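These notes concern the structure reproduced below.
Order of listing sets the numbers, starting from 1, for every ligand and every atom in it. We number each residue from 1, following the sequence as shown. Given the structure is predicted, the values throughout are model-derived calculations rather than measurements. What's counted below: heavy atoms across the whole structure, side chains too, no hydrogens, waters or symmetry copies.
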Amino acid sequence: MPDPAIYLCLNGPLKVEGPVRLVDHQGKEFNLQGKDTYWVCRCGASGNKPFCDGSHKKNNFKAEQAAR
Ligand code: FES
């Protein structure tokens with residue numbers, strides 16, 4: 001299994017490759033059902049926050065940050 005990492009998808013979500021726990025503002029952990037990979041919305045349009053539901057494509061979300 002690869003080391004945990006977060007990938008910035010071009011014009012899309014954050015791909016989280018784990019295992020990485022996802023915890024809300026109250027300290028409660030999301031049930032990821034043993035998933036080692038999931039996508040977190042960063043466009044704000046998802047109807048299933050904090051997860052990406054593909055809405056960024058309809059909204060033409062742009063994000064092209066590159067590592068320096
Ligand atoms: S990044 Fe995919 S719905 Fe927001």
Backbone or side-chain N/O/S of C52 under 2.8 Å of atom 4 (Fe) of ligand 1:
no

Under the side chain to side chain contact (heavy atoms under 4.5 Å, CB included) rule, what do V40 and R42 come out as? Steps first, then yes or no, please.
CA-CA 6 Å; V40 175; R42 66 173 170 150; over 6 Å; no

One should read off an interatomic distance between F30 CZ and F51 CZ, to the nearest 0.5 angstrom, of 5.5 Å

Considering only heavy atoms, does R42 approach ligand 1 within less than 4.0 Å through its side chain, its backbone, both, or neither?
backbone

For side-chain hydrogen bond (donor to acceptor under 3.5 Å, both in side chains), just list the numbers for S55 and D53, CA-CA rounded to whole Å, side-chain angles, deciding distance to a tenth of an Å, and then say yes or no.
CA-CA 6 Å; S55 293; D53 69 355; 2.6 Å; yes

Do you know which N/O/S atom name in H56 is closest to atom 2 (Fe) of ligand 1?
ND1

Contacting atoms of ligand 1, where contact means under 4.0 angstrom from a heavy atom of P13
1 (S)

K15/E17 under salt bridge (charged side-chain N to carboxylate O under 4.0 Å, His left out): CA gap, chis, key distance, verdict:
CA-CA 6 Å; K15 178 183 178 185; E17 204 169 75; 3.7 Å; yes

Separation of T37 OG1 from Y7 OH (nearest 0.5 Å)
9.0 Å

Would you mind listing which atoms of ligand 1 come within a distance below 4.0 Å of any non-hydrogen atom of D53?
3 (S)

Sub-4.0 Å atoms of ligand 1 with respect to non-hydrogen atoms of C41
1 (S), 3 (S), 4 (Fe)

